[in-house]
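Here is the structure we will look at.
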Number of protein chains: 2
Amino acid sequence: MADLRGGDLSRLRQLNSLTAIKALRGAGPLTLSALAERTGLSRPSMKEVADELVELGWVEEVRPSPGTMGRPARRYRFRADSGHLVGVDIGAHNVRAALSDLDGEILAETRQPVLPGAPLDERLAALERAISGCLALSRTTVDDLWTISVGTSGVIDVEGRVIYSAAVPAWRDLDLAGRVREMFPCEVLIENDSRLAALAESRRGTAKGVRDMVFLHVGRRMGAAAVIGGTVHRGFGAASGEIVMLPESRWFDAPEHLNGCAVVPEGTPPEDAAGYTLAAARNGDPVALEAVGRYVDDLAVGTAAMVLILDPEVVVLGGGFSRSADVLLPPLRERLERRCMRMPEVRASTLGDECVVVGAIDYAVEHLDRQLFAPDAGPLPLTR
Amino acid sequence: MADLRGGDLSRLRQLNSLTAIKALRGAGPLTLSALAERTGLSRPSMKEVADELVELGWVEEVRPSPGTMGRPARRYRFRADSGHLVGVDIGAHNVRAALSDLDGEILAETRQPVLPGAPLDERLAALERAISGCLALSRTTVDDLWTISVGTSGVIDVEGRVIYSAAVPAWRDLDLAGRVREMFPCEVLIENDSRLAALAESRRGTAKGVRDMVFLHVGRRMGAAAVIGGTVHRGFGAASGEIVMLPESRWFDAPEHLNGCAVVPEGTPPEDAAGYTLAAARNGDPVALEAVGRYVDDLAVGTAAMVLILDPEVVVLGGGFSRSADVLLPPLRERLERRCMRMPEVRASTLGDECVVVGAIDYAVEHLDRQLFAPDAGPLPLTR
DNA sequence: TCACTTTCGAAGGAGCGCTTCATTAGTAGC
DNA sequence: GCTACTAATGAAGCGCTCCTTCGAAAGTGA
C-alpha cells in the first residue's frame with residue numbers, strides 16, 4: 001500500500017528498461033528482435049531502450065553471431081562485469097571470501113585460516129586479507145566493489161551489529177558492518193551464516209527454485225534456517241532458526257552422541273571425533289550405527305518441529321556432517337515419515353564448504369535486485 | 001522474474017488507475033486535488049483517470065462537502081458496494097457466515113447451529129442457510145457475490161479439497177470448494193480456520209499491521225498459524241502450523257490438564273470442563289492454578305518452538321480459552337521468557353468468536369487485491 | 001550473380017501526462 | 001447586497017513514449 005506513486009511517461013520507460021535488463025540477465029546475449037519479442041515491446045521502442053541502457057553502462061553490444069539467415073542482428077548482453085560483489089564467510093577455523101560479477105558468477109576465491117580462539121582484531125585482519133586476496137586474484141580494484149556481504153554465526157541486527165554469537169563470544173556488540181566499511185568503502189551487508197547457506201541451496205544448490213524449504217546446519221554446532229515464499233526468513237529481531245535453544249528439540253546435545261561414541265580413538269581432537277563415528281557407521285560398525293541412530297533420533301525432533309510448523313517442500317541437510325549424508329539421510333527420512341503430516345523431500349547439500357560464501361554472494365545479488373526492481377525505485381543509475 | 005511484460009501507454013494508465021483506487025480505499029472520499037497530490041499525478045490527468053474509473057463502476061462521485069473556502073471540489077469515493085464478499089466459518093457446533101463489501105466492512109452476520117456429529121449433507125445445508133441468510137439480511141442477490149471464502153479445520157489443498165480434518169473426519173477427500181460452487185455460482189476459496197484467524201488478527205485485530213506473527217489457537221483442540229512477511233503462510237502442501245502433531249511439543253494432550261482438574265464438577269460435558277478450571281484459577285483456587293500451570297507448561301513448549309524458529313514480533317493467543325487470557329498470559333509470558341532468544345510480545349485475541357469469519361472475509365479481500373494489483377494483471381474490468 | 005531472409009532505420013501517427021491560464025462557484029468581510 | 005478572496009474547473013497546447021509501416025541493407029544459399 002506504500003507505493004502510491006502515479007506514473008509519469010518516464011516511469012514507463014524505466015519499467016521497460018528494467019524489463020529489458022531482466023530479460024537479458026535471464027538469457028545470454030539476445031538480438032534486438034528477440035529482446036523485443038520477450039519484453040512485448042515493438043522493435044523501434046526496444047532499440048531506444050537498449051540505446052539508453054548502453055549509454056548508462058548496464059548493457060553492451062556484442063558482435064553479431066555469424067552463420068544466420070538474413071541480415072546479421074545486433075546483439076546485446078547484460079554487463080555483469082560493470083560491478084563486483086564480495087561474499088565472506090567468517091567461520092571458526094577459516095575466513096573464506098569470493099568475488100563475483102553482478103550475476104553472481106564467481107571469479108575468484110580465497111581462504112585465510114584462523115585459530116578458533118583468535119582475538120577480534122586477528123579475525124578482522126584475516127577478513128581484510130581474504131577480501132584483498134580476491135581483489136588481487138581477479139585484478140579488480142576496490143572502486144569496482146559494489147557490495148560486501150558477510151556471513152557469520154550468531155544473531156545480527158539489521159544494521160549489522162552482532163547481538164549474540166555462540167561460536168565467537170568476543171563478537172558480542174561488535175559493529176561488524178561498520179568495521180568492514182572502514183576497511184572497504186562500499187555497501188556492507190551482514191547475515192547469519194545458516195541463512196546464507198539456506199539461500200545458496202535455494203538459488204543454485206540442491207533446492208534450486210524451491211520456494212519453501214528448511215535448511216539444517218548439522219555439524220559440531222547445530223543451526224537452521226528457512227526460505228519462505230522464495231526469500232530467506234529473518235524474523236522480527238533477526239533471531240529466526242534458533243530452535244537449537246529449545247531443550248525439547250534435543251538439538252543442543254545431539255552431536256554428543258557422535259563425539260562420545262566408543263569407536264572414536266582416545267585423544268582425538270573434539271572437532272574430528274564425529275567423523276570417526278560417521279565413517280565407522282558407513283562401514284557397518286554396529287556401535288557406530290547405534291550412536292548415529294541416537295543422533296538422528298534427536299535431530300529428527302527439532303527437524304519435525306520445523307517441518308510441521310512450516311510444511312516446506314524440501315529439507316536440505318548441510319553443514320560439516322552433511323558429507324556423511326549417505327549415512328544420515330535414510331534414518332532421518334524414516335524418523336520424519338513417522339512424525340510429519342506431509343513428508344517433505346530430504347536432500348543433502350550440494351554446495352559443501354562453499355555454501356556460506358556462495359550464499360553471501362547470492363544475498364548481495366538479491367540485495368542489488370531489490371534496489372533495482374523495487375516498485376518505488378528511482379531511475380536506473382549510471383554504472384560508472 | 002516472470003513479469004517480463006513491457007509496458008504500453010495503456011499500461012501506464014492502468015498503473016495510475018490502480019494507484020488511484022489504492023489511494024481512495026486507504027482514505028475516505030477525496031477531492032480531485034487531494035487525489036492528484038497523493039498519487040503524484042497532475043490534476044488534469046487525475047481527472048481523466050477518475051472519469052474512467054467512474055465509467056467502469058469502481059469509483060463514484062459524491063456531492064461536494066460544504067463549508068470550505070473557494071470553489072467546491074468534486075469528491076470521489078471507492079465504490080466498495082459494487083460487489084460483495086462472504087466469509088464462512090464451519091465449526092464443530094456452528095456455521096457462521098458474514099457478508100461484507102469490497103473493503104471488508106461487515107454488513108450482515110448469521111449463525112446456524114449444527115450438532116458436532118452431524119452428517120455431511122446437514123452441515124452443507126447449514127452452510128447454505130447461513131449464506132442465504134446473510135444475503136437476505138443485507139438485501140443482496142447472488143449476482144452481487146464476487147467471492148465466498150470458507151474456513152474450516154484441517155488440511156485443505158490448493159483446489160479446495162479436504163485432505164485431512166481432525167474435527168470433522170467425514171470431510172476427508174470432500175471437494176468442498178466444488179460443493180459450495182454448486183450452491184452459489186461464484187469464486188470459492190477454502191482455507192484452514194487457524195490461518196484465517198491469524199490473518200484477521202494481523203489485519204484488524206490485536207496484531208494489526210504486524211508483519212511477522214504467530215497465532216495460537218488454544219481451545220479444546222490446539223492449532224497454530226503464522227503470518228510471515230505480511231502474508232499467511234500456507235506451506236507447500238497447505239499443512240503448515242500442525243505442530244500439535246509432534247509429541248514433543250506437548251500440545252496434543254495439553255488441554256487434559258484443564259479438563260481433568262479436580263475442580264470440574266462431576267458430569268460436566270467435556271466441552272465445558274476447561275471453563276470451570278480457568279474460572280476457578282481466576283478466583284485463586286490453588287488446585288485450578290496448578291492445573292493451569294501444567295497446561296501452560298505444555299503450551300509453552302510448542303509455542304517456544306514456533307517463536308525460536310520464526311522470531312515473530314507478536315504472539316496472539318486466540319481460540320476458546322483465550323477468553324481466559326488474563327489467567328493464561330502471565331504464566332505463558334513467564335515460561336517463554338525463559339526459553340526464547342528474543343521475547344516477542346504476547347497478546348490476547350481481540351476478535352473472539354468472529355475471528356475466523358472475519359479472517360475469511362479478509363482473505364477474500366486479499367485475494368481480490370492480488371488479482372487487481374498483480375504486476376501482470378490485465379486492465380481493470382467493469383464491476384457490472 | 002540472383003533470389004531469399006531477416007534486420008535496420010526513418011517517417012508518420014496515436015495516447016498519455018504535463019503546464020498554463022482564463023473562468024467559475026463558493027466563503028468572508030463590509 | 002456588494003466586493004474581495006480562495007480554490008477548483010475546463011480547455012488549449014506541448015513533449016514524450018510507444019506503435020505501425022515501409023523501403024533499404026546485409027547477410028546466406030543456389
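Letters go in sequence order (proteins before strands), and every chain restarts at 1.
B:Leu102 and B:Ser82 make their closest contact through CD1-OG, 3.7 Å (heavy atoms, listed as atom of the first residue, atom of the second, distance).
Side-chain contact between A:Thr147 and A:Gln371 is absent, with no heavy atoms from C-beta onward closer than 4.5 Å.
Protein chain A contacts DNA chain C from C:dT5 to C:dG17, reading 5' to 3' and using non-hydrogen atoms of the protein with a distance under 4.0 Å.
Comparing A:Ala73 and A:Leu9 by the nucleotide of DNA chain C whose heavy atom lies nearest to each, the residue mapping closer to the 5' end is A:Ala73. Nearer the 5' end of DNA chain C, as judged by each residue's closest nucleotide, is the contact made by A:Pro44, out of A:Asp8 and A:Pro44.
Heavy atoms of B:Ser42 sit under 4.0 angstrom from at least one base atom.
Taking the C1' atoms of five terminal pairs at each end of the helix from C:dT1-D:dA30 to C:dC30-D:dG1, the two resulting helix axes are inclined by 10°, rounded to 10°.
Remark: B:Arg74 is not in phosphate contact with D:dA8, judged by side-chain N or O atoms under 4.0 Å from OP1 or OP2. Distances shown here put a side-chain N or O of A:Asn16 below 4.0 Å from the OP1 or OP2 atom of D:dC18.
For B:Lys47, counting side-chain heavy atoms from C-beta on, the closest listed nucleotide (D:dA8, D:dG10, D:dT17) is D:dG10.
Note: A:Asp101 CG to A:Leu85 CG = 7.5 Å, rounded to the nearest 0.5 Å.
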What does the list of N/O pairs under 3.5 Å between the protein and nucleotides 26-30 of chain D look like, with a distance for each?
{"from": "D:dA26", "atom 1": "N3", "to": "A:Arg71", "atom 2": "N", "distance (Å)": "3.4"}

